[in-house]
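Notes to accompany the following structure.
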Amino acid sequence: MVETLITSSALIAGICACRLLFSGRISPRIMYAMWGLPALRLLMPLFYPADRWLKTLRSSFSVMNAVDRLHEQVIAGTEMEPLVDNILTGRVRGYVNPSTLPQKLVGVDWQLVFLAVWLTGSAVLLVWILWVNFHFAARLRRTRVRCRGAVYGVTHLPVYRAPDLRSPCLVMFLGEQSIYLPEDLEAEPEQMKHILIHETCHARHLDPVWGALRCMLVCAYWINPFVLLAAYLSKRDCELACDEAAVKRLGEEARFDYGRTLIALTAGKRAFSDLFCISADFVFGRKTMKERITLLAARPRTTALTAALILAVSAALIACTYTGRAAQGVQKRTGLWAEYFCSRDGRALAGLYSPERQAGFYEMEPVSTDESGNYLGFGWSSPWPMDGRYDIQVEGTRAQITYYAMTSEPHLWVWKETLEWEKSDGIYYVEREALSIFDAVSGLTEFEAAYGQGIEGTPLDYRTNGMGAALNENVKGDPVMAFLAAPETAGPYLLNLEGGSAAAETVGDQSSVTYEFRDGSGVVIRMERPFGADGIWVPTGWSGAVEAADDAQVDGADEGNEGVTPASKEAESVETELPDAELPDAELSEAKAERAEDGAEDSEAEAAKAVVGEFAQAYFQDDPAAMARVMTGNAAKKIAGAGEQLWDRLDAFQIKGDLSGTENRDQLEVQCEYRVAGEDSYSYLGVELVREENGWSVSGYYLEK
């Protein structure tokens, strides 16, 4: 109903603009007919099948699109937003401890209050309109006297005289149409002919029927001032249309005589109740008379060009008001999210977040204000994603945005944001958001997640993004930046790698850097020197990813080998095979301390793996209750399993992810690689962990095919 109020108001405003623009340029009958557009739009909700069909019509021209943008960019994120949502949607959002007037008003079911006031007003107005019209018609029937004379040569309708009647009128009562004349009316035969023909035209146009419809719509939509304005103007245009029809029947030579009749019978001040009277009057007040006389003198004719303009305007008004907000898909909504994110527009982002889960928005890392705050802070100065430089991948209702954050150095970081969308009232809202910032890539899983899209042709390509040239200039004469002149140090720096070791094989301006992470996994990074022999090296791609050894091999041979190069691994492994008894006392104490530290790290890593394993098993057994037991309170509010029993059908399952340094981290992201029997490819269950007082808990999860 709210959508009907908004669209009909826009439609009526458009008709009023046309009335002003085309006055004296088009036929009054065409102008009168245009009021049928808002009448039909207002009638739609009263007929459920028609209203249901109309709601399926969506377009980018609908005025509701502008309403949504206004909500997202102006209202969203303010203290008034919940109140506006309560009124527009009926979904009551309250505050636990309201402290301000807007917060207190939020807890009121305003849609219910609005509906109660609306229905009460409609009922009162309906009773009053019925009383006004039946009282008027009944009084005329009691006091009327049949006119005798030469009237039937002009009209086929019965003609009566009645006392206390300000103007001739056409009245329909219980299906009977009659023309009533004032008892004291003294008109010449020519003027009487003009009056009777005018009222007969009202009958031919079925104006009493349209008058009844106009009054019913006023009853139904009295709360909208645009509807009251439309009722007043359409009744005036009804008289103008009948003037044109009467002159056409009388002949052009009678045009000015007809105008003099109008002037002679000008009525006095009209009562407010006349607006709600179904009868069609000959004279509709003094204010209307000037317009009627002006149009009679102007003799408006609708040219072909004007008719084409009227058709085009009518089509545009229909497209804007008979259709609903465009059905923005996940792709488009994700694009809006990315734009608002890059521009740090927190209020607009809050408008894209689910109204029922606004707490999730305020838990986002870039948000620096809680939900009850009057100021919404979003983002920070640097590093921050480059405006307009992002990539979007959408699969169903899940979207991933790749941002390229930068500093003035300049330097780039890859950020990955995952959005889960949910449709509500035909609009997609973000239900869950997860942001991963790859500022310190310390494992192959993180590396693939950050740079799986490649480097060449992306904003990461320092050869073409403009940043490589700026860095090359900064290096000259700056010994601090000299490491960019060596491929084995430039590659890890520009790709934000840490904790591993690198070795380079260089031929001319091309180099291959083998980088090994602490867990034994590694990649081969292709490097290039595009700015001359004394310029910096930049990464152009990568290949040759090497998986880490399995757990048994790592435990037996490679534990504690952080930071070793392939060349030194063999020698170091020999040293670690020495029994404790053969080590000097100082080295023995150091070795025991290292083993104790490694044991603590292993314990933390195993605890995290255990939580992931328990969660994954519950997920594939489609057991949300078991999933909730290892999840945070917020994450467990709405969860769903796999939808079917898959655990016993998995022919491959492995927990993957960088768990190094677990004891010093508060957040982890681990992927469970699995394959269902009968399928050719692997899928991934991503599990996000957060450290709580009682250990690790699952804060979110997602699927990747």
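Judged as a side-chain contact (heavy atoms from CB on, under 4.5 Å), and not counting sequence neighbours, the contacts of Leu43 are Leu46, Phe47, Leu213, Leu217. Scored by the ring-ring contact (aromatic ring centres under 6.0 Å, His included) test, Tyr180 finds Tyr160 as partners (sequence neighbours excluded).
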Between Leu349 and Arg347, does the side chain to side chain contact (heavy atoms under 4.5 Å, CB included) criterion hold? Intermediate values first, please.
CA-CA 5 Å; Leu349 288 174; Arg347 296 192 185 281; over 6 Å; no

Please report the C-alpha distance between Asp391 and Tyr403 in whole Å, then the side-chain angles of each, then the deciding distance to 0.1 Å, and finally whether the side chain to side chain donor-acceptor pair (under 3.5 Å) criterion is met.
CA-CA 7 Å; Asp391 299 318; Tyr403 300 107; over 6 Å; no

Using the rule given for side chain to side chain contact (heavy atoms under 4.5 Å, CB included), can you reason through Leu5 versus Phe226, listing the C-alpha separation, both sets of side-chain angles and the distance that settles it, and then say yes or no?
CA-CA 9 Å; Leu5 289 175; Phe226 283 92; over 6 Å; no

CA sep, side-chain torsions, deciding dist, call: Glu433, Trp337, side chain to side chain donor-acceptor pair (under 3.5 Å)
CA-CA 11 Å; Glu433 182 269 356; Trp337 178 280; 5.6 Å; no

Any chance you could lay out the side chain to side chain contact (heavy atoms under 4.5 Å, CB included) test for Cys242 and Asp207, step after step, and finish with the verdict?
CA-CA 10 Å; Cys242 272; Asp207 286 332; 3.6 Å; yes

Could you walk me through whether Met44 and Thr4 pass the side chain to side chain contact (heavy atoms under 4.5 Å, CB included) test, one step at a time?
CA-CA 9 Å; Met44 283 292 188; Thr4 301; over 6 Å; no

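With contacts defined as side-chain heavy-atom distances shorter than 4.5 Å, the pair Met34/Ile310 qualifies. Residues Leu317 and Val313 form a side-chain contact, since some pair of their non-hydrogen atoms from C-beta on lies under 4.5 Å apart. In this structure, Leu250 and Lys193 have side chains that are in contact, with non-hydrogen atoms separated by less than 4.5 Å. Two residues are said to be in side-chain contact when any heavy atoms from C-beta on lie closer than 4.5 Å; Glu199 and Val159 fail this criterion. In this structure, the side chains of Val218 and Leu228 come closer than 4.5 Å at one or more pairs of heavy atoms. Using a 4.5 Å heavy-atom threshold, the side chains of Cys16 and Leu20 count as separate. At least one side-chain heavy atom of Asn224 sits less than 4.5 Å from a side-chain heavy atom of Ser9. Looking at Ile427 and Tyr429, their side chains come closer than 4.5 Å, going by heavy atoms from C-beta outward.
Here the closest heavy-atom approach between residue Thr143 and residue Ala162 is recorded as OG1-CB, 4.2 Å. Annotation for Cys219 and Ile129: closest pair SG-CD1, 3.4 Å, computed over non-hydrogen atoms. The two residues Ala220 and Ser122 come nearest to each other via the heavy atoms O-OG, 3.9 Å. Looking at every heavy atom in both residues, Val330 comes nearest to Gly396 through CG2-O, 3.8 Å. Nearest heavy atom pair, residue Pro385 against residue Cys342, reads CB-SG, 4.0 Å. Residues Trp421 and Leu352 share a closest heavy-atom pair of CZ3-O, 4.2 Å.
Residues Thr321 and Arg41 bring no donor and acceptor atom of their side chains to less than 3.5 Å of each other. Side-chain atoms of Asp237 and Tyr232 form no donor-acceptor pair, as typed in the model, at a separation below 3.5 Å. For the 3.5 Å distance criterion, the side chains of Ser234 and Trp210 fail to qualify, holding no donor opposite an acceptor.
A parallel orientation is assigned to the rings of Trp131 and His135, their planes being inclined by less than 30° (bins at 30° and 60°).
Lys235 contributes atom NZ, which lies 13.5 Å from atom CG of Leu240 (distance to the nearest 0.5 angstrom). Note that OH of Tyr353 is 8.5 Å distant from CG of Leu419, once rounded to the nearest 0.5 Å. Atoms CD and CG, on Glu176 and Leu157 in that order, are 9.5 Å from each other to the nearest 0.5 Å. In this structure, CG in Asp345 is found 9.0 Å from CZ in Phe378, a value given to the nearest 0.5 Å. To the nearest 0.5 Å, atoms CG (Leu21) and CD1 (Ile26) are separated by 9.0 Å. Rounding to the nearest 0.5 Å gives a distance of 11.5 Å between CG of Leu262 and CG of Asp257.
Sequence neighbours left out, the pairs with a member in residues 28-38 that pass salt bridge (charged side-chain N to carboxylate O under 4.0 Å, His left out) are Arg29-Glu244.
Residue-environment remark: CD (Gln393) stays at or below the threshold of 12 foreign heavy atoms within 6.0 Å. Residue Arg161 places its CZ atom among more than 12 non-hydrogen atoms of other residues, nucleotides or ligands, all under 6.0 Å distant.
The closest donor-acceptor contact from the side chain of Tyr322 to the backbone of Leu37 lies under 3.5 Å. The backbone N or O of Trp118 lies less than 3.5 Å from a partner atom in the side chain of Trp222, making a donor-acceptor pair. Formation of a donor-acceptor pair under 3.5 Å by the Ser343 side chain with backbone atoms of Tyr340 is found in this model. Between the side chain of Thr302 and the backbone N or O of Ser27 there is at least one donor-acceptor pair closer than 3.5 Å.
Taking the charged nitrogens against the carboxylate oxygens, Glu183 and Arg144 have no contact shorter than 4.0 Å, which rules out a salt bridge. Looking at Arg255 and Glu252, a side-chain N of the basic residue comes within less than 4.0 Å of a carboxylate O on the acidic one, giving a salt bridge.
If you look at His202 and His198, their ring centroids are closer than 6.0 Å. Remark: aromatic rings of Trp384 and Phe341 are close, center separation under 6.0 Å.
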